[in-house]
Amino acid sequence: MKKEIKICMSPYKIVYSVLFLLLFSLAMGVAVIPEIGRTIIPGAAILAFVFCAETRVMDQSGQRWEIFLLKPLSGRICTIYRRWLIQVLYLYVLFLVWYFVFFWQNPYPIRERPLETEYGYYAVALLGTILFWSLLTVVISNAAKSQWIGIGVSAVVWIITNSKTGEALFGRYNLFAYSASHPVKGKTADWIFGTMIQIAIAALFVLLIPWIEKRVSK
């Protein structure tokens, strides 16, 4: 496990993920506390599909690739799962902590929306977001044998769903339904279905990884 952490959590990835969040928190303004989570989620999706795109293909250059291919199929699949899980745990904890960085903007509290409730909703929506977007890019990158294709396809999906068009087409079932819901008047039913869909598709992606690895290894 320590070896996998060293491989998939390179210093440059930690540096650019923190810099991304620093710039994001400076550029995106929030007026009330319920806006914090809704502002973060689209950025979390971007970082997830960029950060995890090379989960499998990071070994394609040098001797590591030869060593990776020498492993049995089950060993390669376990390696992919471990690397993905390490990265997802890092991103999830990072974004849970980063929620409170936005308090430097002194967002106004809403009495009807207590902080603990809003933070709990955010944690659930964040889980669905990190799982879906990290696995989307892993699956596409593996199938195409290119992290750039994984990032590119994920970016197209992001642009479509994180837009007025996506909101109009999918409504409460949209991948970004949480971000689109009203920060004060919004209800759980306005976004929870979109999060459940993300988690369900993510579970499907988890099942697809062994099949894809078997196909691309031939």
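Every heavy atom of this structure was used, including side-chain atoms; hydrogens, water molecules and symmetry mates were not.
Side-chain atoms of N174 never come within 3.5 Å of backbone atoms of G194 as a donor-acceptor pair (strictly under, hydrogens ignored). Listed for the Q147 side chain is no donor-acceptor partner under 3.5 Å among the backbone atoms of T137. Within the 3.5 Å criterion, the main-chain N or O of P42 finds a donor-acceptor partner in the side chain of W158. Although no hydrogens or angles enter the test, the distance criterion places no donor-acceptor pair under 3.5 Å between the side chain of R172 and the main chain of A177. When atom types are taken as modelled, the side chain of S163 and the backbone of G166 share a donor-acceptor pair closer than 3.5 angstrom.
Rounding to the nearest 0.5 Å places OG1 of T195 at 7.5 Å from CD1 of I41. The CG atom of L26 sits 8.0 Å away from atom CD of Q105, with the distance rounded to the nearest 0.5 Å. Atom OG of S179 sits about 6.5 Å away from atom CG of N162, to the nearest 0.5 Å. Annotation: the span from I199 atom CD1 to L135 atom CG amounts to 11.5 Å, rounded to 0.5 Å. Expressed to the nearest 0.5 Å, how far CZ of F51 lies from CG of L91 amounts to 5.0 Å. Rounding to the nearest 0.5 Å gives a distance of 11.0 Å between SG of C52 and CG of L136.
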Decide side-chain contact (heavy atoms from CB on, under 4.5 Å) for W98 and V18; before the verdict, give the C-alpha distance in whole Å, the side-chain angles of both, and the deciding distance to 0.1 Å.
CA-CA 9 Å; W98 215 264; V18 173; 4.2 Å; yes
Begin with the C-alpha distance, continue with both residues' side-chain angles, and end with the deciding distance and a verdict on side-chain contact (heavy atoms from CB on, under 4.5 Å) for Q198 and L131.
CA-CA 7 Å; Q198 285 184 317; L131 289 177; over 6 Å; no
Given Y119 and L96, is the side-chain contact (heavy atoms from CB on, under 4.5 Å) satisfied, shown in steps?
CA-CA 9 Å; Y119 189 66; L96 285 178; 3.4 Å; yes
Show the numbers, then the answer: is there a side-chain contact (heavy atoms from CB on, under 4.5 Å) between H182 and R38?
CA-CA 9 Å; H182 196 280; R38 289 161 174 81; over 6 Å; no
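Here the shortest heavy-atom pairing between A123 and Y92 reads O-OH, 2.9 Å. For P107 against I33, the heavy-atom pair with the smallest separation is CB-N, 3.7 Å. Across every non-hydrogen atom of S25 and F102, the tightest pair is CA-CZ, 3.6 Å. Among all heavy-atom pairs drawn from F95 and I130, the shortest one is CD1-CD1, 4.2 Å. Heavy atoms only, all atoms of each residue included: A53 and I151 are closest at CB-CG1, 3.5 Å.
No hydrogens or angles considered: a donor-acceptor pair under 3.5 Å links the side chains of W84 and S134. Between the side chains of Y90 and S17, at least one donor N or O sits under 3.5 Å from an acceptor N or O.
Here Y121 and Y178 keep their ring centres 6.0 angstrom or further from each other. Aromatic ring centres of W133 and F176 lie closer together than 6.0 Å.
T165 places none of its side-chain heavy atoms less than 4.5 Å from the side chain of I160. When side chains are defined from C-beta on, Y16 counts as touching V50, because their heavy atoms get closer than 4.5 Å.
Using a 4.0 Å cut-off between a side-chain N of Lys or Arg and a carboxylate O of Asp or Glu, E54 and R83 do not qualify as a salt bridge.
The number of heavy-atom neighbours closer than 6.0 Å to OH of Y108, taken from other residues, nucleotides and ligands shown, is 12 or below.
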